[in-house]
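Values reported hereafter were calculated over all heavy atoms of this structure, with side chains retained and with hydrogens, waters and symmetry mates removed.
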Amino acid sequence: MICLLATTVKSVLDQALTVGGPAALVSAEDLAAARARRGAHGERTLAGRIALRLLLAHVQGDEPADAAHLPVDRTCERCGADHGRPRSPRVSLSSSTSQRHVLVAVGPEKVRIGVDAQALPASIWPGFDTAVLHPREHRLHDDGDVRARIALWTRKEAVLKAAGVGLQVDPSHLCLERRPVPDRSQQSWWTVSGESPPQLQGLHVRDLPGAVPRALAASAPSTVRRIALDAVLPLS
């Protein structure tokens, strides 16, 4: 089972105030990372890290007060800075923030996962199709639909996160195919096609409901459990 928490930056930061503020829920490294970004970017970083720690604590049966002390490593595997994909013993983690939106996930250790959420822009930026669409996908997205394009981008971002490669792999080399991949909830998953790069093979991705495009990728189609913010950090 993969546990998901979808919320907003404001909700996380407001709820954190009920237990003494964000500093009570994250590590010193998390606080430093948020301060380095400042402004809205810093608030998104802080909210995303709080949400992931709270969800991890909830899944493991720990108290919210234990969240700050859980071992969450974000060391970048390329440069060593504190901005890499989150890792913790015995679980698989992923997180995403976009404007006011926060999406975090905790899954089984043996299932690679990745999540992505994207706020909808007013229009698609020049060069999007060249940068993102696989040659086979151009004919499927020739109507200028903004949401459809951003939804495709979230699926690809989620897959690249699950693979642990990020944008080291060109998104336009990734092709997704809709196939009947069964899971217990009977949700429809997309599958990475055989012509995509080898490090992406074996991954699947599905859309998540919400006001903005959201996606979850996994190395095995899994049941998804949605958890509310009030469940991971009850109001006093």
Partners passing side chain to side chain donor-acceptor pair (under 3.5 Å) against [X] (at least two apart in sequence or in another chain):
| X | value |
| --- | --- |
| Ser94 | none |
| Arg214 | none |
| Glu43 | none |
| Ser92 | none |

Review point. Which pairs, with at least one residue in residues 209-230 and sequence neighbours excluded, count as a ring pair (Phe, Tyr, Trp, His ring centres under 6.0 Å)?
Key: none

Which donor-acceptor pairs under 3.5 Å do the side chains of residues 101-112 make with protein atoms, sequence neighbours left out?
none

Using the test side-chain contact (heavy atoms from CB on, under 4.5 Å), find all partners of [X] that sit at least two apart in sequence or belong to another chain.
| X | result |
| --- | --- |
| Gln168 | Arg78 |
| Arg225 | Met1, Cys3, His58, Ile227 |
| Pro121 | Trp125, Val146, Ile150 |
| Arg44 | Val9, Ala40, His41, Thr97 |

**Study point:** Set of residues satisfying salt bridge (charged side-chain N to carboxylate O under 4.0 Å, His left out) with respect to Asp14, sequence neighbours excluded
**Key:** Lys10

Review point. Who passes salt bridge (charged side-chain N to carboxylate O under 4.0 Å, His left out) against Asp73, sequence neighbours left out?
Key: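 Counting only residues at least two positions away or on another chain, Asp73 forms a salt bridge (charged side-chain N to carboxylate O under 4.0 Å, His left out) with Arg87.
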
